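Okay, structure first, notes after.
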Amino acid sequence: MRFLEESGERSKAYDFSTFELAPELQQWMARCFSRRISTSRTPAKRLRTANGGFDCLRGFARILARHQPPPTCVEQLAEEHVRAFAEHYDDRPKRQHSAFKQLRTVLRNDPELPEEARQALFNIRVKQPEVERPGAYREGDWQAIMTAARRDIRLGRERIDAGRRLMARWRSGDPQLSKEEAELGSLLDTFDRTGDLPRWRTGDCTAAVLKAGGFREIAGWLCLTKSEATAFCLLLTALTQENFGTVANWPAAHFHPEGDQEDPRVLLVEESKPRRGPEREHMITALEHLPDGVADLLAAEADEPRLMRSPLRLYLLLLSLTELPRRHGGSSAAFALLNLNSGRSGRWCVGVRASDVLRWARSHGFPAAQHATPGRPEVDTGRIRQTALERRQHPVAHSRRTHNDVYLKGSSTVQADSRRVVGAALRQEVAKARVVQSVPVFTADFVAWARENPAEAAAQTGLEPRALKDLLDAQRDTPAVACVDHLASPVAEPGQPCTASFLQCLTCENARALPHHLPVQLAVRDGILQRRPHLDPPVWQARFHASLQQLEEIIDHFTEAEHRQARDDLTSDQRRLVDDLLDGRWDLR
């Protein structure tokens, strides 16, 4: 059975006759696979998906072949066979979950599968491994990867530009060309026009080609290498926050919504994400060019901020450098390449793969994940996108809910940052609460003793004798408490009068509460509680919650008898004062 990708770029033949099963079961598995890749609700569109289904069926075939006695027809399949497949991976929970999920996807809609086996697919539960999304790269590691990618792009562009200039000089008949330059220019012209170089009948390159460096050397003057194309894809992934595989399959065709301009600011490119389902698979992504001022601000130290910080500019550069492979290879993909590692003449190919990323990382000195250390990071395409998403804090090709609950909530770096932010906020609130709960209260007994022993009372309270006398004589009263020093306010410059609302005096470290304040304090507390049902909860919380807590703390220092006496002593002027305070009229004076 042959599978052809929807794009038409790649295909593969799958041979079920190699399975060590009865011919009837081999044919049944071929039918299951055919339905999975063609007529299912979400048919396979890429080779990787088809490979996963085939590998799953091959693993199931091994389990059936080892079972005693092995089944010989579809009707003999039962729960024990499905359970044996799941138990085969008991020592590898992550692999067990993915393999059983794949088997369930391939077989669940098969009309030939016996009902007992079908029920087992859904009744058997395998433990889902806890998956922690990779956190963002540290700044130094991120810059190391991006710097390596930008370097490769610059080298590829400069080499191809030099090859094109030499070819243009040869075509124009420049008399200043040296003999070696003229020979190379002639070969470049041939390669540009035909996609190949002069060869003998045997297929080997001519002596002139070998003298100029060989096929690989000459083709490299006009074509990107796989490593340079991989660098392009990595950098575009970082700039657009798209999946690496999605970027690698971008087309060369695009749309100018502003019309054909010499200096466009946005391009629209169609991309495909098959996992989104048939209805939502095809999407349009906008490649924008940052304004020069913003690009300069983001990359003040960069050599080329307009290029390396602009997805649009980088995409157009990629199209320019891959024009020749696209013309001769008959491809419409942005990542059209010449694979110089395939045969004596290379092979026109499309896109970059995960294996290319691995080779690129090793060639640039980046280690495998298990050997990564700070300063020597591994190169992971998922982590590159994760870093870009965390930096931008904006969903790309997914919903805001998915962005928050999957990409950010599951990230180890976001969790660490969140713990630091929450911890700092909690410590700040605790500090505020300690200030609020620490307003000293002078009881009636203390006031009587302080009038008889002013020096000792001042020493005990940490106040100047004059300041303590003013407090006892109500010379430093605010509406609900007394103030030790209105020129030492925590909200104003030292020596300047306090400008805070009088209601905030209840939460100030300069506040002191005395018995003659109790009537107003009770009235203020009652007024705050009366306004609660008539205000929006966030408004009430912001204006009155801290003050109410402090009032409750102060009032608890006095007895019930003192509360009753204070209510009786409340005057009409004090009632008006309380209303003005709570309604904000004192703040306007």
Side-chain angles (χ1 to χ4, degrees), residues 9 142-167 184 188 191-192 195 213-240 242-252 269 287 302-304 306-329 331-343 345-366 379-381 384-385:
E9 300 290 348
W142 174 256
Q143 291 302 331
I145 297 173
M146 294 298 104
T147 299
R150 288 192 288 264
R151 178 181 179 275
D152 277 5
I153 291 172
R154 289 192 184 97
L155 291 177
R157 180 197 58 183
E158 292 169 0
R159 185 186 67 253
I160 294 176
D161 284 348
R164 289 174 174 176
R165 287 194 301 269
L166 177 60
M167 183 174 61
L184 179 58
L188 291 177
F191 184 73
D192 181 70
F215 183 89
R216 292 167 57 91
E217 179 72 19
I218 299 173
W221 283 103
L222 298 178
C223 297
L224 287 175
T225 66
K226 262 298 187 70
S227 179
E228 292 162 350
T230 302
F232 262 103
C233 200
L234 289 173
L235 192 54
L236 283 169
T237 298
L239 292 177
T240 63
E242 293 282 359
N243 285 312
F244 179 87
T246 301
V247 174
N249 287 280
W250 274 355
V269 178
L287 301 182
D303 297 334
E304 298 173 285
R306 286 171 57 86
L307 171 62
M308 296 305 176
R309 303 288 175 173
S310 169
L312 183 149
R313 301 266 179 207
L314 201 61
Y315 173 73
L316 292 179
L317 175 62
L318 172 67
L319 297 187
S320 173
L321 300 182
T322 56
E323 184 274 333
L324 189 150
R326 194 161 35 254
R327 173 160 40 96
H328 291 295
S331 171
S332 61
F335 286 87
L337 305 170
L338 175 62
N339 186 356
L340 297 174
N341 296 323
S342 177
S345 60
R347 178 176 60 86
W348 305 114
C349 62
V350 172
V352 291
R353 311 280 183 261
S355 57
D356 297 321
V357 177
L358 182 62
R359 282 191 289 270
W360 182 86
R362 298 298 179 269
S363 66
H364 289 75
F366 295 109
V379 179
D380 182 271
T381 57
I384 288 177
R385 188 190 187 210

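The figures here come from the full heavy-atom set of this structure, side chains too, leaving out hydrogens, waters and symmetry mates. All of these numbers come straight from a predicted model, not from anything done at the bench.
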What is the distance from atom [atom1] of [X] to atom [atom2] of [Y], rounded to the nearest 0.5 Å?
{"X": "Met146", "Y": "Leu239", "atom1": "CE", "atom2": "CG", "answer": "8.0 Å"}
{"X": "Leu236", "Y": "Leu318", "atom1": "CG", "atom2": "CG", "answer": "6.5 Å"}
{"X": "Phe244", "Y": "Thr237", "atom1": "CZ", "atom2": "OG1", "answer": "6.0 Å"}
{"X": "Leu234", "Y": "Ile145", "atom1": "CG", "atom2": "CD1", "answer": "8.5 Å"}
{"X": "Thr240", "Y": "Leu312", "atom1": "OG1", "atom2": "CG", "answer": "12.0 Å"}
{"X": "Leu222", "Y": "Glu323", "atom1": "CG", "atom2": "CD", "answer": "10.0 Å"}

Which atom of [X] lies closest to which atom of [Y], heavy atoms considered:
{"X": "Lys226", "Y": "Cys349", "answer": "CE-SG, 4.0 Å"}
{"X": "Pro251", "Y": "Tyr315", "answer": "O-OH, 2.7 Å"}
{"X": "Val352", "Y": "Ala248", "answer": "O-CB, 3.7 Å"}
{"X": "Leu166", "Y": "Leu188", "answer": "CD2-CD1, 4.2 Å"}
{"X": "Phe366", "Y": "Ala148", "answer": "CE1-CB, 4.1 Å"}
{"X": "Ala149", "Y": "Ala231", "answer": "O-CB, 3.6 Å"}

Less than 4.5 Å apart, any side-chain heavy atom of [X] and any of [Y]?
{"X": "Trp348", "Y": "Asn339", "value": "no"}
{"X": "Ile153", "Y": "Leu317", "value": "yes"}
{"X": "Trp221", "Y": "Phe191", "value": "no"}
{"X": "Val350", "Y": "Leu337", "value": "no"}
{"X": "Arg362", "Y": "Leu358", "value": "yes"}
{"X": "Phe232", "Y": "Val247", "value": "no"}
{"X": "Ser320", "Y": "Arg157", "value": "no"}
{"X": "Leu338", "Y": "Arg347", "value": "no"}

- Are any of the side-chain nitrogens in Arg164 or Asp192 under 4.0 Å away from the carboxylate oxygens of its partner?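 No, this pair does not count.
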- Query: Should Arg154 and Glu158 count as an ion pair when the cut-off is N to O under 4.0 Å?
  - Reply: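 Answer for the salt bridge query: no.
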- Item | Non-neighbouring partners of Arg359 that pass salt bridge (charged side-chain N to carboxylate O under 4.0 Å, His left out), sequence neighbours left out |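 In terms of salt bridge (charged side-chain N to carboxylate O under 4.0 Å, His left out), with neighbours along the sequence ignored, Arg359 is linked to Asp356.
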- Message: Among residues at least two apart in sequence or on other chains, which ones pass salt bridge (charged side-chain N to carboxylate O under 4.0 Å, His left out) with Glu228?
- Response: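 Glu228: salt bridge (charged side-chain N to carboxylate O under 4.0 Å, His left out) contacts with Arg159.
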- Stepwise, does the side chain to side chain contact (heavy atoms under 4.5 Å, CB included) test hold for Asp161 with Arg165? CA-CA 6 Å; Asp161 284 348; Arg165 287 194 301 269; 3.6 Å; yes
- Residues two or more places apart in sequence or in another chain: which of them pass ring-ring contact (aromatic ring centres under 6.0 Å, His included) with Phe335?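 Residues passing ring-ring contact (aromatic ring centres under 6.0 Å, His included) with Phe335: none at all.
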- Message: Checking side-chain hydrogen bond (donor to acceptor under 3.5 Å, both in side chains) between Trp360 and each of Thr230, Thr225, Asp152, which is the one that passes?
- Response: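 Among the candidates, only Asp152 passes.
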- Would you say the side-chain atoms of Arg326 pair up with the backbone N or O of Ala333, donor to acceptor, closer than 3.5 Å?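 Yes.
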- Message: The test is side chain to side chain contact (heavy atoms under 4.5 Å, CB included); show your working for Leu324 and Cys223 and say whether it passes.
- Response: CA-CA 7 Å; Leu324 189 150; Cys223 297; 3.9 Å; yes
